[in-house]
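Note sheet for the following structure.
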Amino acid sequence: MNDLDRRKLLQSGIALAVSAGGFSLLSGCQKSPNRPEIDPTMDDGDTEQKQANQQTPNKTENENKNEGTNMQIQYLEIVTDDADALCKHYAAHGATFGEPDVNLGGARTAKLEGGGMIAIRGPLRDDEAPVIRPYLLVDDIKTAVDTAAAAGAEVALPSMELPGHGTCAVVIQSGIECGFWQPLKP
């Protein structure tokens, strides 16, 4: 894949990076404050422009304000018609899955770097389609759901306690299922 195609792919949104040590979810929703702006129309012969951009990165006021803020994926749920095959696929890359957990819809889980989990399960009802659904770690799930609803999201699953795990909720924003996860209080 040439550099231009790779840039377009990375600028498009979210990528799932898989390494032998774990899984990471990378978000392309905001420009990185530490990366220079690269003109996607430049070809590889425009090295002088690339070097100039690296020396004087463009930062907007909004980017400066958001420096150092991170989202943490607490739970990455994958619903598939063949959970065993997908668990074996990720196990080949270093993931170790536990036994199905009835409190998580029969999902088999493995640890994510940073303390979260990846969960793979089959559909819970006949009309449940395969989906990859990230759940953001939040301190207050009610506030997170209310904020999403105020921004136009449809509440697909109101907050629901998962014994031994915490509380979750699912909203649909722009056709994408997004979850929130509030861990158990100590």
Side-chain angles (χ1 to χ4, degrees), residues 11-18 22-34 59-81 83 86-87 90 95-186:
Q11 290 171 350
S12 68
I14 296 177
L16 182 64
V18 180
F23 302 90
S24 299
L25 189 68
L26 308 173
S27 175
C29 295
Q30 295 182 1
K31 295 175 186 167
S32 171
N34 300 321
K59 287 186 179 181
T60 65
E61 184 178 316
N62 191 38
E63 288 172 332
N64 288 332
K65 185 171 61 174
N66 289 326
E67 279 188 17
T69 60
N70 294 308
M71 295 186 316
Q72 181 177 339
I73 303 298
Q74 181 65 21
Y75 190 74
L76 183 61
E77 181 177 45
I78 302 174
V79 177
T80 176
D81 291 327
L86 196 55
C87 286
Y90 285 125
T96 303
F97 287 89
E99 293 299 314
D101 185 330
V102 296
N103 292 323
L104 298 173
R108 296 180 59 198
T109 63
K111 292 182 180 182
L112 286 171
E113 189 173 325
M117 292 185 281
I118 184 171
I120 300 175
R121 66 170 175 82
L124 294 177
R125 57 187 195 281
D126 289 340
D127 63 343
E128 185 175 23
V131 67
I132 298 174
R133 184 183 300 121
Y135 289 76
L136 299 178
L137 179 65
V138 296
D139 292 326
D140 182 346
I141 201 158
K142 181 182 179 339
T143 299
V145 171
D146 290 347
T147 301
E154 171 192 345
V155 179
L157 176 69
S159 60
M160 176 178 86
E161 187 176 335
L162 300 170
H165 296 287
T167 305
C168 74
V170 176
V171 299
I172 301 173
Q173 179 67 55
S174 304
I176 303 297
E177 294 186 24
C178 310
F180 298 111
W181 192 283
Q182 181 179 322
L184 293 171
K185 303 276 183 187

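For the single chain, residues carry numbers from 1 onward in sequence order.
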Non-hydrogen atoms of A169 and P158 that approach each other most closely
CB-C, 4.1 Å
Check whether any side-chain N or O of R108 sits under 3.5 Å from a backbone N or O of G98 as a donor-acceptor pair, and report yes or no.
yes
Just jot down the salt bridge (Lys or Arg N to Asp or Glu O under 4.0 Å) partners of E128, sequence neighbours excluded, or say none.
R121
Any chance CD1 of I176 has more than 12 other-residue heavy atoms, nucleotides or ligands included, within less than 6.0 Å?
no
Distance col, row I120:CD1 vs F97:CZ, nearest 0.5 angstrom, shows 3.5 Å
Minimal non-hydrogen separation, P183 against L137, with atom names:
CD-CD1, 3.5 Å
Note: V155 and A149 closest approach over all heavy atoms is CG2-CB, 4.2 Å
Where do L112 and I73 come nearest, in terms of heavy atoms and distance?
CD1-O, 4.3 Å
How many angstroms lie between SG in C168 and CZ in R133, if you round to the nearest 0.5 Å?
9.0 Å
Please report the interatomic distance NE2(H165) to CG(L104), rounded to the nearest 0.5 Å.
3.5 Å
Please check if atom CG in D126 has more than 12 non-hydrogen atoms from other residues, nucleotides or ligands closer than 6.0 Å.
no
Between Q173 (side chain) and C178 (backbone), is there a donor-acceptor pair under 3.5 Å?
no
Set of ring pair (Phe, Tyr, Trp, His ring centres under 6.0 Å) partners for Y75, sequence neighbours left out:
Y135, W181
Mind listing the closest non-hydrogen atom pair of A144 and V138 along with its distance?
CB-CG1, 3.9 Å
The reported gap from NZ in K111 to CD1 in I118 (rounded to nearest 0.5 angstrom) is 15.0 Å
Evaluate the side chain to side chain contact (heavy atoms under 4.5 Å, CB included) criterion for residues I78 and L86: first the C-alpha distance (whole Å), next the side-chain angles of each, then the deciding distance (0.1 Å), finally the verdict.
CA-CA 9 Å; I78 302 174; L86 196 55; 3.4 Å; yes
Backbone N or O of I172 within a donor-acceptor pair of the E154 side chain at under 3.5 Å?
no
Locate the shortest heavy-atom distance separating T167 from S159; write the atom from each residue and the value.
CG2-CB, 3.8 Å
Between the side chains of D140 and K142, is the shortest nitrogen-to-carboxylate-oxygen separation below 4.0 Å, so that they form an ion pair?
no
Which distance, rounded to the nearest 0.5 Å, do you find between the CG of L184 and the CD of E161?
7.5 Å
